[in-house]
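Accompanying notes for the structure given below.
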Amino acid sequence: MSSESKLREQICLLAKSMFDRGLTGGSTGNISARTEDGGLLVSPTGSSFGRLDPAELSRFDAAGQHIAGLKPTKEMPLHSAFYETRKSAGAVVHLHSCHSVAWSMMPEIDPGNVLPPLTPYAIMKLGKVQLLPFFMPGDAAMGEALRSLGGKRSAVLLANHGPVVAGKDVEAACNAIEELEETAKLAIMMRGFDARALTPAQVRDVVRKFEVEWE
């Protein structure tokens, strides 16, 4: 099996795993990954994470031209912006995961760092997560908003919409977005309680020990 065939299978396997566990439903969410030749494999528009076909994934060449497969997701501006501004990005995942969407609506969140420091793991896998304002689905302005961050964030939360995460490969991106969802779930569970979050000193220690992008 070629490396591209393996990547196609991996994308569909991970997408189905997230769908089966309720992290995104219906025909929501989209996923992309870099190929060895610098191109992209992308989930098609209107497709379900539970039923992706490896042979039907949208294929882009290294110049960004759609060369094979079904029509790609309408959220390509988000994916393209991450790949253009973060050269380390090997994959991008976007979900409509319930707790992350709910957390994006909370009035008390810090737009520059939306997740409270409840555990070290979200810090380690995501760094600071930026809240982006509401855009109509598919609006190219989402990509421009992401580009305005200058590649300083590997994860953003779209208000009233859901998270988008870039990782070094498709497995890392999926693991990171799941950590985002679990942290949002924890934050909602602890809302209204006097929960003991990590102290600023503890956060600094995690950032330093695991060399987290934090500025």
Side-chain angles (χ1 to χ4, degrees), residues 1-98 100-101 125-126 129 137-140 142-143 146-147 151 153-158 161-182:
M1 184 182 291
S2 69
S3 61
E4 181 171 323
S5 295
K6 290 178 181 177
L7 180 58
R8 287 174 178 270
E9 294 286 346
Q10 185 183 31
I11 288 170
C12 296
L13 178 69
L14 291 170
K16 187 175 188 306
S17 173
M18 290 187 287
F19 179 88
D20 288 348
R21 289 177 291 123
L23 288 165
T24 204
S27 60
T28 65
N30 36 81
I31 186 169
S32 66
R34 279 277 183 219
T35 55
E36 284 189 346
D37 65 0
L40 289 175
L41 290 169
V42 184
S43 57
T45 186
S47 59
S48 167
F49 266 31
R51 297 180 294 279
L52 291 181
D53 183 339
E56 293 183 343
L57 296 178
S58 306
R59 180 64 156 93
F60 287 76
D61 64 17
Q65 297 299 310
H66 181 213
I67 58 172
L70 298 179
K71 183 180 178 180
T73 172
K74 63 179 172 295
E75 305 294 11
M76 276 306 295
L78 278 173
H79 293 253
S80 298
F82 257 132
Y83 290 117
E84 290 170 19
T85 58
R86 289 185 64 84
K87 299 308 180 186
S88 62
V92 175
V93 185
H94 168 45
L95 300 179
H96 294 184
S97 42
C98 181
S100 299
V101 175
K125 291 183 181 295
L126 297 156
V129 179
D139 189 341
M142 282 190 284
L146 207 159
R147 285 186 183 87
R153 297 289 179 265
S154 68
V156 297
L157 184 57
L158 306 173
H161 188 161
V164 193
V165 175
K168 64 182 178 63
D169 54 39
V170 68
E171 185 171 7
C174 290
N175 287 341
I177 205 166
E178 290 196 37
E179 194 65 49
L180 197 161
E181 169 66 5
E182 287 301 304

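Here the structure is a predicted model, which means the values were calculated and not measured. Numbers here are sequence positions counted from 1.
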**Prompt:** Is it true that a side-chain atom of Glu75 and a backbone atom of Gly138 form a donor plus acceptor pair closer than 3.5 Å?
**Reply:** yes
Do Glu181 and Pro163 have side chains that get closer than 4.5 Å, going by heavy atoms? no
Quick check: do Arg59 and Thr35 have side-chain heavy atoms less than 4.5 Å from each other?
yes
Rounded to the nearest 0.5 Å, the CG atom of Leu23 sits from the NE2 atom of His96 at a distance of 13.0 Å
Interatomic distance, CZ@Arg51 vs OG@Ser47, rounded to 0.5 Å, equals 9.5 Å
Is there side-chain contact between Leu41 and Pro54, with at least one heavy-atom pair below 4.5 Å? no
d(Asn30 CG, Ser43 OG) to nearest 0.5 Å is 5.0 Å
Taking every heavy atom of Gly167 against every heavy atom of Ala173, the minimum-distance pair comes out as N-CB, 3.7 Å
When every non-hydrogen atom of Val93 is compared with those of Cys174, the smallest separation belongs to CG2-SG, 3.9 Å
Does any non-hydrogen side-chain atom of Gln10 lie less than 4.5 Å from one of Asp169?
-> no
Closest heavy-atom pair, Arg153 versus Phe82, reported as atoms and distance to 0.1 Å, is O-CE2, 3.2 Å
Please answer whether the main-chain N or O of Pro77 pairs with a side-chain N or O of Ser80 as donor and acceptor at a distance below 3.5 Å. no
Quick one: does Leu157's side chain get under 4.5 Å of Ser100's, heavy atoms only? yes
Taken to the nearest 0.5 Å, the spacing of Phe60 CZ from Asp37 CG works out to 13.0 Å
d(Leu95 CG, Ile177 CD1) to nearest 0.5 Å is 4.0 Å
Under 3.5 Å, side chain of Ser154 to main-chain N/O of Leu126, donor-acceptor pair present?
yes
Look only at the side chain of Ser27 and the backbone of Ser48, and say whether a donor-acceptor pair between them is shorter than 3.5 Å. no
Of all heavy-atom pairs linking Ala15 and Leu52, the shortest is CB-CD1, 3.7 Å
Partner of His94 under side chain to side chain contact (heavy atoms under 4.5 Å, CB included), picked from Leu158, Thr73, Ile31, is Leu158
Closest heavy-atom pair, Ala81 versus Leu146, reported as atoms and distance to 0.1 Å, is CB-CB, 4.0 Å
Is it the case that the side chain of Ser58 and the backbone of Leu70 share a donor-acceptor pair, with hydrogens and angles ignored and the cut-off at 3.5 Å?
yes
With sequence neighbours left out, the residues meeting side chain to side chain contact (heavy atoms under 4.5 Å, CB included) with Arg34 are Leu40, Tyr83
In short, Ser32 meets His79 closest at the heavy-atom pair OG-ND1, 2.7 Å
The reported gap from CG in Leu78 to CZ in Arg147 (rounded to nearest 0.5 angstrom) is 9.5 Å
